[in-house]
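None of the values given here were measured: they were computed from a predicted structure. Numbering of residues begins at 1 and proceeds along the displayed sequence.
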Amino acid sequence: QVQLVESGGGSVQTGGSLRLSCAASGVTTTIQSYCMAWFRQAAGKEREWLAMIYPGGGKSFHADSVKGRFTISRDNAKSTLYLQMNSLKPEDTAMYYCAADRVSCLGGLPTTEYASWGQGTQVNVSS
């Protein structure tokens, strides 16, 4: 089981930027063999898939709602996943979660079926 810890959340104004980090530990093999993803959940809403990145980092996908504003990336040497968030809007306010799994991304489709999840980091965007 992979342990994941998110950081980097906070409060920003509309148009601002944040970079979220997700540190992974506890894996018996390198984290580079895992699919990783970002999700968010706003109060009273269902969890929303935002982006996923393939194990090697060579391929990634983003949800239409964040495409062009958010970018997922990973540094396998540091066992860390990132989400660069630019041009933030009030509707981006949510708890943000990272997730990891050996196979979830390989079908090329968004899914919530990830084995490991972090505890979340809160992002608040004010107008």
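Under the disulfide bond (SG atoms under 2.5 Å apart) criterion, the residue pairs touching residues 81-127 are Cys22-Cys98, Cys35-Cys105, with sequence neighbours excluded.
No more than 12 heavy-atom neighbours from other residues, nucleotides or ligands sit within 6.0 angstrom of CD on Gln13. Atom CD of Glu91 is surrounded by more than 12 heavy atoms from other residues, nucleotides or ligands within 6.0 Å.
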*Checking side chain to side chain contact (heavy atoms under 4.5 Å, CB included) for the pair Arg40/Ser65: CA distance, chi angles, key distance, verdict?*
CA-CA 12 Å; Arg40 68 185 178 190; Ser65 60; 4.1 Å; yes
*Please test Trp49 against Phe61 for side chain to side chain contact (heavy atoms under 4.5 Å, CB included), starting from the C-alpha separation and ending with a verdict.*
CA-CA 10 Å; Trp49 173 85; Phe61 298 93; 4.1 Å; yes
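A donor-acceptor contact closer than 3.5 angstrom links the side chains of Ser17 and Asn86.
With sequence neighbours left out, Tyr96 forms a ring-ring contact (aromatic ring centres under 6.0 Å, His included) with no residue at all.
Nearest heavy-atom pair, Asp101 versus Val103, reported as atom, atom and distance to 0.1 Å: OD1-N, 2.9 Å. Contact between Met95 and Gln122 at its shortest, heavy atoms only, is SD-N, 3.5 Å.
A centroid separation of less than 6.0 Å is found between the aromatic rings of Phe39 and Trp117.
A side-chain donor-acceptor contact under 3.5 Å links Glu6 to the backbone of Gln119. Looking only at distances, a side-chain donor or acceptor of Ser104 sits under 3.5 Å from a matching main-chain atom of Glu113. Between the side chain of Thr14 and the backbone N or O of Ser126, at least one donor-acceptor pair lies under 3.5 Å. Using a distance-only test at 3.5 Å, with no hydrogens or angles considered, a donor-acceptor pair links the side chain of His62 to the main chain of Ile72. Counting only distance, with no hydrogens or angles, the side chain of Arg74 and the backbone of Ile31 share a donor-acceptor pair below 3.5 Å.
Note that CG of Asn124 and CG of Leu88 are 11.0 Å apart. Values are rounded to the nearest 0.5 Å. Distance check, rounded to the nearest 0.5 Å: OG1 of Thr71 to CE of Met85 gives 11.0 Å. Considering CG of Leu81 and OG of Ser73, their distance stands at 7.0 Å, rounded to 0.5 Å. Summarising the geometry, atom CD1 belonging to Ile53 is positioned 11.5 Å from atom CH2 belonging to Trp38; distances are rounded to the nearest 0.5 Å.
The existence of a salt bridge linking Lys89 and Asp92 is excluded, since no basic side-chain nitrogen approaches an acidic carboxylate oxygen closer than 4.0 Å.
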